[in-house]
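Data first, discussion second: the structure below is written as structure tokens.
Here the structure is a predicted model, which means the values were calculated and not measured. The chain is numbered in sequence order, starting from 1.
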Amino acid sequence: GLLERAIRDGLCPAFAGDDGVMRCEREYRARLHSEGKAAAYAFQSQIFAGMTEAPLVDAARAAFETELAGWLFAEALSWWRVLELAVVRCWVLSASPEFFVKAAAGPLGVPEARCSGMRLQRDPDGRLRGELAGPATVGEGKVKRMRELLSEMQAAEPGRAFHPVAAFGNDTQSDGP
């Protein structure tokens with residue numbers, strides 16, 4: 001997937017070298033076993049600490065427009081379009097790194113501003129830091145992030161009420177609390 005591609009393309013200094021993907025996979029599995037799913041998923045974003053977002057987004061966008069195009073969820077996109085026509089505001093909320101999620105916006109045909117994933121803090125110069133900016137968007141953390149997004153929408157449009165209507169996911173073990 002995108003993580004492996006980014007490592008192989010030299011976009012992950014922490015796992016540089018021919019064995020970078022294998023070392024990253026070992027570390028991910030060790031964290032999954034010792035710290036749980038939220039920590040392991042966060043690790044998949046945190047390994048890009050020190051990078052700027054632009055080359056990661058560019059590489060992911062290129063992948064979505066080519067070899068990953070067939071992996072996009074056509075059924076979910078159909079529902080998205082129907083719901084948007086009914087004035088239901090839709091979001092992509094993923095446990096993947098946010099820079100990868102936002103890169104999918106164009107190929108999906110959805111607004112980038114309504115794509116959220118695992119977010120990292122940034123240095124003043126824009127480089128990604130290894131600390132999460134908000135909850136790990138897995139399980140309860142995904143619910144917490146959804147509530148944050150609802151609060152942000154409410155603050156931006158104080159005359160409207162926002163409530164979750166439905167949630168769809170592809171990971172029955174981590175897409176809900």
Side-chain angles (χ1 to χ4, degrees), residues 1-17 19-64 68 71-73 76 90-105 108 110 112-153 164 167-177:
L2 293 173
L3 190 72
E4 181 177 336
R5 180 183 176 134
I7 293 170
R8 290 193 193 286
D9 288 352
L11 298 175
C12 183
F15 290 97
D19 65 342
V21 172
M22 184 177 59
R23 288 185 294 115
C24 182
E25 176 72 17
R26 268 197 313 264
E27 179 68 21
Y28 169 81
R29 291 194 182 283
R31 287 177 188 240
L32 184 62
H33 179 72
S34 66
E35 300 174 50
K37 190 171 272 194
Y41 279 34
F43 167 76
Q44 293 179 336
S45 294
Q46 293 165 325
I47 64 172
F48 294 102
M51 293 293 299
T52 58
E53 193 172 274
L56 297 165
V57 170
D58 290 345
R61 190 171 288 128
F64 278 118
L68 295 180
W71 287 89
L72 302 176
F73 304 108
C90 300
W91 282 80
V92 174
L93 181 53
S94 176
S96 296
E98 186 164 272
F99 41 84
F100 289 163
V101 178
K102 288 185 178 279
L108 287 171
V110 303
E112 185 177 305
R114 285 201 251 142
C115 295
S116 184
M118 202 76 73
R119 298 170 298 139
L120 292 177
Q121 294 178 17
R122 287 179 169 66
D123 286 336
D125 68 354
R127 293 194 177 276
L128 300 170
R129 296 179 54 199
E131 298 85 28
L132 292 180
T137 48
V138 177
E140 287 291 342
K142 192 170 275 193
V143 173
K144 184 175 182 185
R145 179 63 180 137
M146 181 181 63
R147 289 183 179 135
E148 289 175 359
L149 293 167
L150 289 168
S151 293
E152 290 170 15
M153 291 175 1
F168 305 93
N170 66 335
D171 183 345
T172 58
Q173 295 183 21
S174 68
D175 275 340

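- Under 4.0 Å is where a charged nitrogen must lie from a carboxylate oxygen, and between Arg29 and Glu25 at least one such pair does.
- Interatomic distance, Arg127 CZ to Met51 CE, rounded to the nearest 0.5 Å: 7.5 Å.
- Using a distance-only test at 3.5 Å, with no hydrogens or angles considered, a donor-acceptor pair links the side chain of Thr137 to the main chain of Ser94.
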Criterion side-chain contact (heavy atoms from CB on, under 4.5 Å) on Leu3 and Phe48, from CA distance to verdict: CA-CA 10 Å; Leu3 190 72; Phe48 294 102; 3.5 Å; yes
Before you tell me yes or no, could you show the steps for Arg114 and Leu149 under side-chain contact (heavy atoms from CB on, under 4.5 Å), namely the whole-Å CA-CA distance, both residues' side-chain angles and the distance that decides it to 0.1 Å? CA-CA 9 Å; Arg114 285 201 251 142; Leu149 293 167; over 6 Å; no
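- Using a 4.0 Å cut-off between charged nitrogen and carboxylate oxygen, Glu27 and Arg31 count as a salt-bridge pair.
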side-chain contact (heavy atoms from CB on, under 4.5 Å), that's the test. Do Leu120 and Glu131 meet it? Break it down for me. CA-CA 6 Å; Leu120 292 177; Glu131 298 85 28; over 6 Å; no
Is there a side-chain contact (heavy atoms from CB on, under 4.5 Å) between Arg5 and Leu11 once you walk through the steps? CA-CA 9 Å; Arg5 180 183 176 134; Leu11 298 175; over 6 Å; no
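- Of the possible donor and acceptor atoms, none in the side chain of Glu98 sits under 3.5 Å from a partner among the backbone N and O of Met118.
- Heavy-atom minimum distance, Ala103 versus Ala60: CB-CB, 3.5 Å.
- Remark: Arg145 engages Glu152 in a salt bridge, criterion side-chain N to carboxylate O under 4.0 Å.
- By the neighbour-count criterion of 12 heavy atoms within 6.0 Å, atom CZ of Arg147 is sparsely surrounded, having that number or fewer from other residues, nucleotides or ligands.
- For Glu35, there are no salt bridge (Lys or Arg N to Asp or Glu O under 4.0 Å) partners two or more places apart in sequence or in a different chain.
- For the pair Cys24/Ile47, a side-chain contact is recorded, criterion being any heavy-atom separation below 4.5 Å from C-beta on.
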